[in-house]
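Have a look at the structure below, then the notes.
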Amino acid sequence: MTLRLFNTLSGQIDELVPADGEALRMYACGPTVYDYGHIGNFRTFLQIDVLRRFLRLTGVRVRHVMNITDVDDKIIRNSAAAGIPISEYTPKYVEAFFEDLGALRVERPEQIARATEHIPQMVELIQKLAAAGAAYKTDDGSWYFRLAAFPEYGKLSKKDLSGMEDGARVDVDEYEKDSARDFALWKAAKPGETSWDTPIGRGRPGWHIECSAMSMEYLGESFDLHAGGEDLMFPHHENEIAQSESVTHKPFARHWMHVRFLLVDGKKMAKSEGNFYTLRDLLLKGYKASAIRLALISVPYRHQLNFTFDSLTEASAAIDRLRTFHERVTTGTLAAGENDEIQLAVKKARVEYMAALANDLNTAEARAPIFDLLRVSNTAIDQGGFFAGDRDVVLHVLGDFDAVFDVIEDRDEEPTRRAVEWAEKSGRRADIAPELLARQGFTDEAIKALVAERTQAKKRRDFTRADQIRKELAEKGIILEDSKDGVRWKRK
Ligand SMILES: [Zn+2]
């Protein structure tokens, strides 16, 4: 099965296969580490995670490189305001970023590349651009890309650049301009700013040159896929193409994937709107990491996602259904044999699931057949028509589902605990949901002991004590489920 993925460059759906027949070489623009990541950032990283997991499920090896932008305008501004060098300012946010990715079960790329550790590669690329006549130095010692040297500029974003002014320059990393300008490759050192002494002068790299230099360092001059948020298409990705192809005269990335922005409650997320959320904000409100993951990946990457708290509640309920079903199938005592109807339903679910993902990663359509299968199987179990041979195939297809979605195994406690600890340390105790505060320090062992005590109380017909324990647990967000196999508990 081959993934058919929309390609921004060609403007159509193209097959995505490794050009070398071995591993799919892909580059994804990583974070600029000046603050905690918000859910819009994480939607992009999660959708790229869906991509790499699906590729692997279809047997494609992946070589995925992601950069960490640990020097740029914002970092320099913020670290100066904090009165510390950038090398002391960024580590906290790098660590937080990986902790958040871990909470969301986003797989680590095979290669992480930090900008500040690749200055020589950037300098070398700028020297090559200068030799090719595509870069020039200004009086202050900065270097710029000469847009007029790359007539194909605009081919990715399909922007009309007829208003392009020859020789007009822009020196900030991020800009939104209808007409393009020569952009900064290297910025001359300013007093007090972090800078490097290099053959092209003392200074620091611009943002765009980082990604060209580091992607080609690890993936070669031409590679299979470049991915990122839609906000990076122009000018960042356009500039990456210009910088790379002006030197190599080869296609830079063959395939470009852009993940759409999300809205929150129908509006663009903004601090000024009061609808701006980091992952940590949501965890502190009591939402589970798995529910956040599912809510952010369930709308296909090319569609605008309208994020709401209802969507988190819906995701949480869906995960509960999956986990309960998984446990029911795994632990139930089943007679030998097979039910033809279930066998057929499993085959259909698997085919539809894979086809939906292969069709431009349609995660919404991929979910549907799995939940259909769940309903059919639950009915069969209720009616005694579900057998050991059905269990094997059902668990197999659930495994394929989870190879991409990764929400069935319950690993939600740790991210929540870490977020609570972090909030306590960061003076944000007031933001912690009351039920999370109530169960702080309430370990699995303490819960198990209370559950056991309740069972004993019921045996000796002390229902007052048994009810007391149930109430105490409920106040701490622990739900008990009595079944014929004993008592199960879970966190709300
Ligand atoms: Zn980039």
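Values reported hereafter were calculated over all heavy atoms of this structure, with side chains retained and with hydrogens, waters and symmetry mates removed. All of these numbers come straight from a predicted model, not from anything done at the bench.
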Show the nearest heavy-atom pair for residues [X] and [Y], with the distance to one decimal.
| X | Y | answer |
| --- | --- | --- |
| G206 | K187 | CA-CE, 4.3 Å |
| C29 | H237 | SG-NE2, 3.3 Å |
| S298 | L294 | OG-O, 2.7 Å |
| L473 | I447 | CD2-CG2, 4.2 Å |

Inset, instruction - Under the salt bridge (charged side-chain N to carboxylate O under 4.0 Å, His left out) rule, what do E110 and R52 come out as? Steps first, then yes or no, please. - result: CA-CA 11 Å; E110 281 67 31; R52 55 168 285 143; 3.0 Å; yes
Inset, instruction - For residues V65 and M214, determine if any side-chain heavy atom of one lies less than 4.5 Å from a side-chain heavy atom of the other. - result: no
Inset, instruction - Compare all side-chain heavy atoms of L156 with those of E240 and state whether any distance is below 4.5 angstrom. - result: no
So, [X] and [Y], do they make that salt bridge, N to O below 4.0 Å?
| X | Y | value |
| --- | --- | --- |
| R53 | D406 | yes |
| R293 | D49 | yes |
| D372 | R375 | yes |

Legend entry - Residue that, paired with R418, satisfies salt bridge (Lys or Arg N to Asp or Glu O under 4.0 Å) out of E99, E424, E413: E99
Inset, instruction - Please check if the distance between the ring centroids of F97 and F45 is under 6.0 Å. - result: yes
Legend entry - S79: which of V71, T194, I86 passes side-chain contact (heavy atoms from CB on, under 4.5 Å): I86
Inset, instruction - Would you please name every residue forming a salt bridge (charged side-chain N to carboxylate O under 4.0 Å, His left out) with E88, sequence neighbours left out? - result: none
Legend entry - Passing candidate, ring pair (Phe, Tyr, Trp, His ring centres under 6.0 Å) with F223, options F252, W256, Y218: F252
Inset, instruction - Please report the C-alpha distance between K159 and E238 in whole Å, then the side-chain angles of each, then the deciding distance to 0.1 Å, and finally whether the salt bridge (charged side-chain N to carboxylate O under 4.0 Å, His left out) criterion is met. - result: CA-CA 10 Å; K159 276 191 182 276; E238 204 75 73; over 6 Å; no
Inset, instruction - Ignoring hydrogens and angles, tell me if any N or O in the side chain of K288 forms a donor-acceptor pair with the backbone of T416 under 3.5 Å. - result: no
Legend entry - Any donor-acceptor N/O pair, D70 side chain to T116 backbone, under 3.5 Å: yes
